[in-house]
Every structure is written in structure tokens, then in C-alpha cells.
Amino acid sequence: MQNKVMTSIKLQKKLHHKLQQQIIEDGYGMRGKSKWIIESIESLLEITDYPTLVEIAEDMDQLSDMVSIRLPETLMRRIEKAVVHVRQQYPTIEGVKSNLIRASIIQRLLRQPTSVTEV
């Protein structure tokens, strides 16, 4: 079994609610929150221009809800490399790791298939 690292990020209340709702709708249950977020981070890191998405996530304000997640050490190392990559393009960004995780959540929520009734 892989070692896990505990980390926390802050989200807007509305985004946190949408995240919880989507995790349940996707069939993960609330105990699957970390797995859902891990998958979203892995997907984000596959996008060529993910640094731009991380930079956009920096503009979020009213980050009032704390979310704790357990990430595999291997993913944390990928995140650390991604942080360096983002900082090379956007050296003034603060809290790159948190912004990267926030960006991954937002992107997964945005890229969810929608039904005709939602459009």
C-alpha cells in the first residue's frame, strides 16, 4: 500500500458544496472525496496548458471552507514538479499547490458531461 500525505486547501463555500454534490452523484460517496480529487489532479496534469488554469484559480476569493485530502506520495511528487513548472511561467503566484488542486477540482466540475435538462 502506498504512503499517503495529508494536505488541506481552502475552497469557496459554493464550490465546496458543488464538489460534495458531484462526488456523491459520481458514486464515490463522501469517503471517496480524496479519490475523486486525486483523479481530478491527475487529469489536470495531463492538460498541456495546466499552468494557465492554475494561474486563473489564483483569482478566487472568499476561500472559507477547509477541505482535507489524502494524496499518494507519488502524486505529491508530481504536484511538486508541477509547482516548479508553474512558477517558471508565473513567478509571482502565491500558494501554487493549493491553486493547482483548486484548478483541478474546477476543471473536473466544468468538464462533467451535462444532460439536456441541465443545458
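Reckoned from all heavy atoms, side chains included, excluding hydrogens, waters and symmetry mates. FYI, the numbering just counts along the sequence from 1.
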Checklist outcome for this item: Sequence neighbours excluded, the answer for side-chain contact (heavy atoms from CB on, under 4.5 Å) partners of Ser64 is Lys13
Next on the checklist: I'd like to check the side-chain contact (heavy atoms from CB on, under 4.5 Å) partners of Ser43; sequence neighbours left out, ordered by chain and number.
Outcome noted: none
Item to check | Min side-chain heavy-atom separation Ile47-Arg111 under 4.5 Å | outcome: yes
Item to check | More than 12 heavy atoms from other groups under 6.0 Å of CD on Glu94 | outcome: no
Next on the checklist: Could you check whether atom NZ of Lys33 has more than 12 heavy atoms from other residues, nucleotides or ligands sitting under 6.0 Å from it?
Outcome noted: yes
Next on the checklist: Could you measure the distance from the CG atom of Leu109 to the CD atom of Gln21? Nearest 0.5 Å is fine.
Outcome noted: 9.5 Å
Item to check | Whether over 12 other heavy atoms sit under 6.0 Å from Gln62 CD | outcome: no
Next on the checklist: Any heavy-atom pair between the side chains of Ile101 and Ser98 that's under 4.5 Å?
Outcome noted: no
Item to check | Leu53 side, atom CG; Leu44 side, atom CG - distance, nearest 0.5 Å | outcome: 6.0 Å
Checklist entry - So, do Leu19 and Gln22 sit near enough that their side-chain heavy atoms are less than 4.5 Å apart? => result no
Checklist entry - Considering residues at least two apart in sequence or located in another chain, which fulfil the side-chain contact (heavy atoms from CB on, under 4.5 Å) criterion with Arg70? => result Lys4, Met6, Ser34
Checklist entry - Under the side-chain contact (heavy atoms from CB on, under 4.5 Å) test, which residues partner Ile106, sequence neighbours left out? => result Leu15, Met60, Leu110
Item to check | Side-chain touch Ile69/Ile38, heavy atoms, less than 4.5 angstrom | outcome: no
Next on the checklist: Please enumerate all residues that pass salt bridge (charged side-chain N to carboxylate O under 4.0 Å, His left out) together with Glu46, with sequence neighbours excluded.
Outcome noted: Arg78
Checklist entry - ring pair (Phe, Tyr, Trp, His ring centres under 6.0 Å) with His85: which residues, sequence neighbours excluded? => result Tyr50
Checklist entry - With no hydrogens and no angle check, is any side-chain donor or acceptor of Arg102 less than 3.5 Å from a backbone partner on Ile9? => result no
Next on the checklist: Is any side-chain heavy atom of Leu45 closer than 4.5 Å to one of Leu100?
Outcome noted: yes
Checklist entry - Does Ser8 have any side chain to side chain donor-acceptor pair (under 3.5 Å) partners at least two apart in sequence or in another chain, and if so, which? => result Ser68
Checklist entry - What pairs with Tyr28 under side chain to side chain donor-acceptor pair (under 3.5 Å), at least two apart in sequence or on another chain? => result Glu39, Arg108
Next on the checklist: Return the CG to CE distance between Leu11 and Met66, rounded to the nearest 0.5 Å.
Outcome noted: 9.5 Å
Checklist outcome for this item: Value for CD (Glu42) from CG (Leu75), rounded to nearest 0.5 Å, stands at 5.5 Å
Checklist entry - What pair of heavy atoms forms the shortest contact from Trp36 to Ile23, and how long is it? => result CG-CG1, 3.7 Å
Checklist outcome for this item: Applying side chain to side chain donor-acceptor pair (under 3.5 Å) to Ser40 and not counting sequence neighbours gives Ser104
Checklist entry - What residues, two or more places apart in sequence or in another chain, satisfy salt bridge (charged side-chain N to carboxylate O under 4.0 Å, His left out) together with Asp26? => result none
Item to check | Which residues share a side chain to side chain donor-acceptor pair (under 3.5 Å) with Thr7, sequence neighbours left out | outcome: Lys97
Checklist entry - Taking the side chain as C-beta and beyond, is there a heavy-atom pair between Gln12 and Leu63 under 4.5 Å? => result yes
Item to check | Within-4.5 Å side-chain heavy-atom neighbours: Lys10 and Val67 | outcome: no
Item to check | Pairs meeting criterion salt bridge (Lys or Arg N to Asp or Glu O under 4.0 Å) with involvement of residues 53-64, two or more places apart | outcome: none
